[in-house]
Amino acid sequence: MSGNIVARRYAKALFTVGQKQGAAELETYGKQLAELSGALADSPEAMRFFHNPVFSVEEKKAVLKQITDKLGATQALVNFVSLLADKSRLVSLPEIAGDFKAMLDEKNGIVSGKLVTAVALSDTRKVELKERLEKQTGKKLVLDFGTDADILGGVVLQIGDSVLDASLRAQLNILKETIKRGE
């Protein structure tokens, strides 16, 4: 979750409303919030427009209405972003969407992670590793795979806030420190 307390509060408010309406509505809010945030992220002009104090709240709401209509957003989400416009919080929409996704993932037992290797892995190897990690953690994982030749070998795994650095580079650094201390 982001460090923005205001964004977290708005995300929690929408999350609470969604929970009261049911799991399907909660998922819909998450999907639509992510779509809206993505649409705004893809359009830097829109974000500059929402940052600009020269434009009135009503003008910003009119633009938002066009965007939400194009995305097919529910009335609840339209009302939510309208509230954000009233409170001059539209610039926090990406953080709100990120916090909402984190809350939804936590509710659904999904953990995001990243696995970095020195060389690219085959698709079958990625699936095997993901299944093994899911079995070990007991949670559903959404893993991003990456490569970094600087780790020389092994893996660097980040799941949630935990990082396991089993790379050759890290082991060489430990060995270097041990030699420096004379152990």
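Heavy-atom basis, side chains included; hydrogens, waters and symmetry copies ignored.
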Provide the closest heavy-atom pair for [X] versus [Y] in the form atom of the first, atom of the second, distance.
X: T74; Y: Q32; result: N-OE1, 3.0 Å
X: Q171; Y: A166; result: NE2-O, 3.9 Å
X: M47; Y: L40; result: CG-O, 3.6 Å
X: K139; Y: G109; result: CB-O, 3.6 Å
X: A118; Y: T147; result: O-CB, 4.4 Å
X: V163; Y: Q158; result: CG2-CG, 3.9 Å

What distance separates [X] [atom1] from [Y] [atom2], expressed to the nearest 0.5 Å?
X: N4; Y: I96; atom1: CG; atom2: CD1; result: 7.5 Å
X: S92; Y: D99; atom1: OG; atom2: CG; result: 10.0 Å
X: I67; Y: L36; atom1: CD1; atom2: CG; result: 6.5 Å
X: L104; Y: Q19; atom1: CG; atom2: CD; result: 9.5 Å
X: K176; Y: I174; atom1: NZ; atom2: CD1; result: 12.0 Å
X: H51; Y: K60; atom1: NE2; atom2: NZ; result: 9.0 Å

Side-chain contact, heavy-atom cut-off 4.5 Å: [X] with [Y]?
X: K135; Y: E131; value: no
X: F100; Y: L26; value: yes
X: L133; Y: Q136; value: yes
X: L14; Y: L77; value: yes
X: M103; Y: E106; value: no
X: D105; Y: V142; value: no
X: L115; Y: L121; value: yes
X: L93; Y: F50; value: no

Is there a continuous path of hydrophobic side-chain contacts, each under 4.5 Å between heavy atoms, that joins [X] to [Y]?
X: F80; Y: L71; answer: yes
X: L143; Y: V155; answer: yes
X: L83; Y: V81; answer: yes
X: F145; Y: I151; answer: no
X: L168; Y: L164; answer: no

Check whether [X] reaches the backbone of [Y] with its side chain - one donor and one acceptor, N or O, closer than 3.5 Å.
X: E59; Y: S56; answer: yes
X: S122; Y: R125; answer: yes
X: S37; Y: L33; answer: no
X: T68; Y: L64; answer: yes
X: S82; Y: V78; answer: no

Subject >> No-hydrogen, no-angle side-chain donor-acceptor test under 3.5 Å, N79 and Q75 >> reply: yes
**OP:** I would like to know whether K31 and E27 meet side chain to side chain contact (heavy atoms under 4.5 Å, CB included); could you show each step before the answer?
**Re:** CA-CA 6 Å; K31 180 177 170 270; E27 293 290 334; over 6 Å; no
Subject >> Basic-acidic side-chain contact under 4.0 Å: K130, E134 >> reply: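 Yes, charged N to carboxylate O under 4.0 Å.
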Original post:
In terms of the angle between their ring planes, are F55 and F49 parallel, tilted or perpendicular, with boundaries placed at 30° and 60°?
Top reply: tilted
